[in-house]
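Chain naming here is simple, since letters A, B, ... match the order of the sequence lines and numbering starts at 1 in each. None of these values were measured; they are calculated from a predicted model.
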Number of protein chains: 2
Amino acid sequence: MERLWSWDRPATVRDVLEDMTRRPPLAYTTVMTVMDNLHRKGLLLREKQGRAYLYRPTGSRESHTAELMGQAMVGASDRSGVLLRFVEQLSPEDLVALRELVADAGERPEADPQPPLA
Amino acid sequence: MERLWSWDRPATVRDVLEDMTRRPPLAYTTVMTVMDNLHRKGLLLREKQGRAYLYRPTGSRESHTAELMGQAMVGASDRSGVLLRFVEQLSPEDLVALRELVADAGERPEADPQPPLA
DNA sequence: AGGGGCTACGAAGCACGATCGTAGCCAAGG
DNA sequence: CCTTGGCTACGATCGTGCTTCGTAGCCCCT
């Protein structure tokens, strides 16, 4: 399913359908239903353009993954315990990245969350 | 389901069943099937004691949550991007805890992962 | 006005988990 | 020795959610 958001531009149902490579090609309505479900789940925004809808992701794939990670620890009583186990299983590269991130966070309380993306 | 691992001691099917409070009490076999599924999924260890099995959790609840969080970012291409979005949504308290954790990690390359728990 | 493309709605198939019943096993007690 | 009670193994049923798709209806363009 939603692994088709590699391209960062909005897409119509037909765009996605024609990009799909599948042994028996999926039906048009299948792709549409999936995108509609994603939209109902708040993962996709849509906007009417002519007679068709233009879909665009609500957030980046990274945001979504981070959202899932945060969701996994809601209701946890010992949050720092969870974080401890989490950093324990991180790779060294992840660890250095994380170290920089937690150091930066808080220094500039509010920086641009989304610079122009360049 | 598995919210019964608040107690840290191993338990038999009957222990769990008698601890359950549910409008229509669950059948004995229901609890057994659930615990067996958890065992098949590697979340529970079991050991025969007499004619019954003793079940104990494979890891702490914190380890399991951390495992899920790690699982959420497998296959992510931009891991530091994910971590960025993740720390962004953390509460200030979580942030200070995480800062300590990433600072400690690496200083003592291998400390006891499980001290006697005292 | 007609046709092509798009959406809305709902049905069928599939996978997974939860719930439970029945059958079989084994040890203890009469 | 045989019966009874507790436990496990196996499979049936049910509900839920996701996937796939077809049909019906709508609207713009020619």
Task: Integer-rounded Å distance: C:dC16 P and B:L38 CG - done: 16 Å

Task: N/O (side chain, A:Y53) to phosphate O (OP1/OP2, C:dA8) under 4.0 Å - done: yes

Open item on the list: Counting only heavy atoms from other residues, nucleotides and ligands, does the tally under 6.0 Å from CD of A:Q89 exceed 12?
Closed with: yes

Task: Nucleotide D:dG22, atom P - distance to CG of A:D36 in whole Å - done: 18 Å

Task: A:L43 CG - D:dG17 C1' separation (whole Å) - done: 15 Å

- [ ] Give the rounded distance in Å between these two atoms: NZ of A:K48 and C1' of C:dC6.
- [x] 8 Å

Task: Interatomic distance where CG belongs to A:L17 and P belongs to D:dT20 [whole Å] - done: 12 Å

Open item on the list: Whether B:D36 and B:R46 form a salt bridge (side-chain N of Lys/Arg under 4.0 Å from carboxylate O of Asp/Glu) is what I want to check.
Closed with: yes

TODO: Write down the atom of B:A72, the atom of A:L68, and the distance for their closest heavy-atom approach.
DONE: CB-CB, 4.4 Å

Open item on the list: In whole Å, I'd like the distance from the CE atom of A:M35 to the C1' atom of D:dT19.
Closed with: 16 Å

- [ ] Report which part of the nucleic acid A:R46 touches: base, sugar-phosphate, or nothing (heavy-atom distance under 4.0 Å, all strands).
- [x] sugar-phosphate

TODO: Please test B:S63 against B:S60 for side chain to side chain donor-acceptor pair (under 3.5 Å), starting from the C-alpha separation and ending with a verdict.
DONE: CA-CA 5 Å; B:S63 298; B:S60 66; 3.0 Å; yes

Task: Criterion salt bridge (Lys or Arg N to Asp or Glu O under 4.0 Å) on B:R9 and B:D15, from CA distance to verdict - done: CA-CA 11 Å; B:R9 70 175 187 284; B:D15 290 335; 5.8 Å; no

Open item on the list: Categorize A:Y28 for me: base, sugar-phosphate, or nothing, with a 4.0 angstrom heavy-atom threshold over every strand shown.
Closed with: base

Task: Residues which pass salt bridge (Lys or Arg N to Asp or Glu O under 4.0 Å) with B:D94, listed by chain and number, not counting sequence neighbours - done: A:R79

Task: Between C1' of C:dT7 and CG of A:L54, the distance in whole Å - done: 15 Å

Task: Reading 5' to 3' through nucleotides 17-30 of chain C, protein heavy-atom contacts under 4.0 Å coded B for base, S for sugar-phosphate only, - for none - done: SSBBBB--------

TODO: For B:L44 and D:dT8, give me the distance from atom CG to atom P, rounded to whole Å.
DONE: 13 Å

- [ ] With the side chain counted from C-beta on, respond yes when B:L98 and A:L98 share a heavy-atom pair under 4.5 Å apart, and no when they do not.
- [x] yes

